[in-house]
Amino acid sequence: MEQLLQQIVNGISLGSIYALIALGYTMVYGIIKLINFAHCDIYMIGAYVGYVCMAKLGLGFLPSLLASMLVCTLLGVAIEKIAYKPLRNATRIAALITAIGVSLFLEYTTMFFATANVRTYPPMTGFMAKTFKMGNVVISAQQILIAIITIILMVLLQLIVKKTRIGKAMRAVSLDKDAAELMGINVDSTISFTFALGSALAGAAGILVGVYYNSINPLMGVLPGLKAFVAAVFGGIGIIPGAMLGGYVIGIIEVFVAGLGYSMYRDAVVFAILILILIVRPAGLLGKNTGEKV
């Protein structure tokens, strides 16, 4: 039982990171029906910004977290304005190819300036270095912090989407972009805000990964980004609660597979889940199959 609880704790920590990344995928898809594969590299940039703030500038964790979120927010808006806005009325395949191109550009630009070497975050001190025991279950302060920050960000996101004027505009654009524009909603500003919000969450996930795993590299976003995409599809792409649910489920499943001694197959299991969910329930757990008008 204690081993089970330990794996659940570890799975929640990993699932929190997947959930934060998956939210960016699902928000952008919900608005403009684009799978933004560059999103996983915004998460990588967030990890590098956190590294520079903590290792080079000597800032604490919370200022570094805010700086990472701010830089990623600006980066997300810039990518949307430069790469995606000109293709607003283009085919989906053109936008998808552009997203892959932006992803590669971010990866290899980072590699050019920061080299391909693995960088390590400075050792954590104070509360961040503490561990707590409940019987044989060990919980680190970093795991607690990851869970708390993720919950706070998810609650804030839900409040923004459900209670604010811009949140209502996001929901209107997601439902019918043309009708929203006719009602006076600035669609371009709404889409930019959606990119900003998703990128901020990715930036937070990046620095949390750096602190938790203590190592970063320019290609660190590829595999977690794909798994977060699986999480978004699993919960229901375009549905915010679905991305949260999918992130935690995928994280816990991956940790359990590794804990059972099959760590070599944990990635295969995650992508097998993607294939299975696309066959059995293409809309995801929380999604609804909608007929298309012809």
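Just so you know, residue 1 is the first one in the sequence shown, and it goes up from there.
Minimum heavy-atom separation, Gly284 to Ile277: CA-CG1, 4.5 Å.
Shown here are the side-chain hydrogen bond (donor to acceptor under 3.5 Å, both in side chains) partners of Arg171, two or more places apart in sequence or in another chain: there are none. Applying the ring-ring contact (aromatic ring centres under 6.0 Å, His included) rule to Phe193 yields no partners; only residues at least two apart in sequence or on another chain are considered.
The number of heavy atoms from other shown groups lying within 6.0 Å of CZ (Phe271) is above 12. Shown here is Phe132, whose CZ atom has more than 12 heavy atoms of other residues, nucleotides or ligands within 6.0 Å. Taking a 6.0 Å sphere around CZ of Arg88, one finds it holds more than 12 heavy atoms contributed by other residues, nucleotides or ligands. For NZ of Lys162, the number of neighbouring non-hydrogen atoms (other residues, nucleotides, ligands) closer than 6.0 Å is 12 at most. Summarising the local packing, CE of Met134 is surrounded by 12 or fewer heavy atoms from other residues, nucleotides or ligands at distances under 6.0 Å. More than 12 heavy atoms of other residues, nucleotides or ligands sit less than 6.0 Å from atom NZ of Lys33.
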Taking distance alone, no hydrogens or angles, what donor-acceptor pairs closer than 3.5 Å link side-chain atoms of residues 180-187 to residues at least two apart or in another chain?
unit_1, atom_1, unit_2, atom_2, d
Asn186, OD1, Asp188, N, 3.3
Asn186, OD1, Ser189, N, 3.1
Asn186, OD1, Ser189, OG, 3.3
Asn186, ND2, Ser189, OG, 3.2

Name the atoms and distances for all side-chain donor-acceptor pairs under 3.5 Å in residues 37-56, with sequence neighbours left out.
unit_1, atom_1, unit_2, atom_2, d
His39, NE2, Ile21, O, 3.1
Asp41, OD2, Ser103, OG, 2.3

List the atom pairs, donor and acceptor, that lie under 3.5 Å between side-chain atoms in residues 226-235 and the rest of the protein, sequence neighbours left out.
unit_1, atom_1, unit_2, atom_2, d
Lys227, NZ, Glu254, OE1, 3.4
Lys227, NZ, Glu254, OE2, 2.9
Lys227, NZ, Asp267, OD1, 2.4

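For Gln6 (side chain) and Val138 (main-chain N/O), a donor-acceptor pair under 3.5 Å exists by modelled atom type.
Just one residue in the list Ile152, Ile151, Ile146, Thr150 forms a side-chain contact (heavy atoms from CB on, under 4.5 Å) with Ile148, and that residue is Ile152.
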Step-by-step side chain to side chain donor-acceptor pair (under 3.5 Å) determination, Asn36 to Glu80: CA-CA 10 Å; Asn36 179 22; Glu80 191 275 327; over 6 Å; no
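Screening residues 98-119 for salt bridge (charged side-chain N to carboxylate O under 4.0 Å, His left out) gives no qualifying pairs among residues at least two apart or on separate chains.
Rounding to the nearest 0.5 Å places CD of Gln143 at 5.0 Å from CG of Asn10.
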